[in-house]
There are 4 protein chains.
Amino acid sequence: MDDDSRDRPSAPVGRSERARTAALSAALALAAELPYPQVTMEAIAARAGVGKATLYRRWPHRGALLVDAVAHRNAAAAGSGIPDTGDLVADLTAVLRSVVDELADPGWDALLRALCVEALVDTGIGAQVLEQVFAPQIALFADRFATARAAGQIDGSVGDVEAFELVIAPVFHRWQLRTGVLDHAYGDAVVRRACRALAP
Amino acid sequence: MDDDSRDRPSAPVGRSERARTAALSAALALAAELPYPQVTMEAIAARAGVGKATLYRRWPHRGALLVDAVAHRNAAAAGSGIPDTGDLVADLTAVLRSVVDELADPGWDALLRALCVEALVDTGIGAQVLEQVFAPQIALFADRFATARAAGQIDGSVGDVEAFELVIAPVFHRWQLRTGVLDHAYGDAVVRRACRALAP
Amino acid sequence: MDDDSRDRPSAPVGRSERARTAALSAALALAAELPYPQVTMEAIAARAGVGKATLYRRWPHRGALLVDAVAHRNAAAAGSGIPDTGDLVADLTAVLRSVVDELADPGWDALLRALCVEALVDTGIGAQVLEQVFAPQIALFADRFATARAAGQIDGSVGDVEAFELVIAPVFHRWQLRTGVLDHAYGDAVVRRACRALAP
Amino acid sequence: MDDDSRDRPSAPVGRSERARTAALSAALALAAELPYPQVTMEAIAARAGVGKATLYRRWPHRGALLVDAVAHRNAAAAGSGIPDTGDLVADLTAVLRSVVDELADPGWDALLRALCVEALVDTGIGAQVLEQVFAPQIALFADRFATARAAGQIDGSVGDVEAFELVIAPVFHRWQLRTGVLDHAYGDAVVRRACRALAP
DNA sequence: TTGTAAACGAGACGGTACGTCTCGTCTTAAT
DNA sequence: ATTAAGACGAGACGTACCGTCTCGTTTACAA
């Protein structure tokens, strides 16, 4: 391990680092497979083979740990960005379909709900969730909106966040409250309506 | 009693009804004024001057009690329905402004966040929240959409829930994640864009 | 029942009396068959098919009910008195053997232990137990001791209670603390030693 | 504490040991000053400044805790043994007088009654009480009886437990059921009679 | 007969203690 | 010196009984 950390100091794997990684993985796994109230610091520590004190030394509470874990996961999953074929509707449709697919995955569904719970309960965690989980997504959309705006496809007076919300909020809302079936067709319709609203 | 109950059927009668009312009020008050994790069954019972067993006799868990309390409050607040002046944009703008105002009230904000937490944590409570809190709202919008549809102001192929989400979801999303300022101007813009999207 | 009460008006069997009898029987039965902490007022009421208020209307607490029940049972069992053949040792031996036999009966064992618990916990109940359960026994022994004293078989300066305790206490002690086997042989030895101690 | 732990490193005074001691002391104090039903695990934990879980971690129920506390107290009180002046009656009289004095102390009276209650309610605790509280006393008497037996002062065929019961049971019985005044005179008389019974 | 009043069964009520669980801190022993 | 392990104080959980209180209903006696 010493050799390893000397060779690649940007990816140290000391005892501490192993503990950190184990904790993040355990949090993700438990949040994905258990009802959220059972995702306790105790359970995470046990699953990770890590002392509870080690968790509290690094994260002030479960929410921070979870946000960190999800951010870590998203960073690893390396969002590839939004396609740009010139056809805004088609591009957004593709994106929303993959969003819908993700939300249909029970693990990710549970994880995201856990994240929302923490964000709702504590304003500070809410800010962290926004910054580390949603902001990157918004930034990706902002890039595509910039192109579309330059091509005169959308109203220049609509901000990036507003446009993002126009597209994402209905899906998020339906996912969260289960007001109806959340499938590709719904995503397609949302994009269609959003683009009509955004048209110059 | 007969006269009484005929005149004011909502008036509580007997120890049981008094306990029920006290519990609902206490739940509302605590959820409005304390961080949600401190809104425990114990605290609600103490505040209501009610035994814990009485709470558990009526509601299987805190979530059910909270949903009941909010539904009760909403029923009492007697939603007046959505205005119908013939001008859809103006009517929806008025409604969204009052929604924004409500969400700005710290008490209602806290209450609604608590409700969302419960809905996210437990699917069953989620269904209850949808049915008892959101469905009535959707129904009000549906009435107004029906008129607008009849007047040829909105696309007949868009369902009530979809139209509702188009209008409400962005506001809900911004409220929940604090992606930006949530004021009348934002509500107005959301309505404007939604109506463009809904136009035939 | 009408016939019954008309025939024997001195033993009316109205609802009240039936409730009283049912409560006493239920208390005896439960105390005999369940661990004492499970012999709750709730359980007695349920077993007796009687409202809890009816119990509390007649007896201030479980202890009083239990004492009443045991006294009632003893009255019914109609202690026949201590035999008097002229041979004190033989008479007491016979009595102690039957005492040992009674204590060996699991039901009566449990009942008597419950009684002792109540007596130990509350001085008032202790007095009631003494008066209603033990005093009658002491009186029976006192009669036999009087005869023996008159016959010059025991020391006239020893009081009835003291003599009673000399005979009963060792058995009671062994029964209560299980310091050793409690059988006829032990009872016989106790009587032998007691009579030596009591001899003039 | 430093000195203490340096002198007796085998008796560390970490958090655990402090909790244990505090619990035992609190149990003794509460049992001595409150009616037994109020000596709850909750009250003991509060008085000891200890979590309830800590109590249940060490003792399965209140009875075990109480027995441990009394045994602990007795060990500390270091029974000095029964005097041996050669005069059995005198020696036993002295012992019984101190027993009577102890039983007259309200604190010890309450404690011992609590112990008896637990012993009566649960056979397991009864065995524990016998072994840890009464057995040591019996052993002390056995030593004295051995001497007396060797001196030909008592019948060699009477066992230690039987002799012990002959002496102690009447006092215990009178204390428990309050069949009469329990004073030195009574103790003296009991010893006198017991020694007559035990004489060869 | 037909009220009327008491006692009844049933069981909900406000409480309290139960024994269990998780929290976040602190101690210990072993790397 | 930092870790895994886990005991600790605190306090909420959901349950069981407490002793009291409302309920209608049933019974017993008076009109």
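Just so we're on the same page: letters track the sequence lines, and every chain starts at 1.
A heavy-atom distance below 4.5 Å is found between the side chains of A:L24 and A:L65. Side-chain contact between A:D122 and A:E118 is absent, with no heavy-atom pair separated by less than 4.5 Å. Residues B:S16 and B:R58 meet the side-chain proximity criterion, which asks for heavy atoms closer than 4.5 Å.
Between A:L55 atom CG and F:dG6 atom P the separation is 15 Å, expressed in whole Å. Rounded to whole angstrom, the span from the CZ atom of B:R18 across to the C1' atom of F:dT22 amounts to 11 Å. In this structure, the CD atom of B:E17 is 15 Å from the C1' atom of F:dC23, given to the nearest Å. For the pair A:Y36 OH and E:dT22 P, the computed distance is 15 Å after rounding to whole Å. Atom CH2 of D:W59 and atom P of E:dC18 are 15 Å apart (whole Å). Taking atom CZ of residue C:R47 and atom P of nucleotide E:dA10, one finds them 15 Å apart after rounding to whole Å.
Between E:dA12 and B:T54, no contact under 4.0 Å exists linking OP1 or OP2 to a side-chain N or O. D:S16 has a side-chain polar atom (N or O) that falls below the 4.0 Å cut-off from OP1 or OP2 of F:dC8.
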Donor-acceptor contacts, no H, no angles, side chain residues 48-56 of chain B, under 3.5 Å, sequence neighbours left out:
none

The contact string for nucleotides 14-19 of chain F, one letter per nucleotide 5' to 3', using protein heavy atoms under 4.0 Å with B, S and - for base, sugar-phosphate only and none, comes out as BB-BBB
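Between C:G49 and B:A45, the residue anchored closer to the 5' end of DNA chain E is C:G49, taking for each the nucleotide with the nearest heavy atom.
Using a 4.0 Å heavy-atom distance criterion, D:R58 is classed as a sugar-phosphate-only contact.
Screening D:V39, D:L30, D:L34 for a side chain to side chain contact (heavy atoms under 4.5 Å, CB included) involving D:R47 leaves a single residue, D:L30.
Here C:R20 pairs with C:D68 in a salt bridge; the nearest charged N to carboxylate O distance falls below 4.0 Å.
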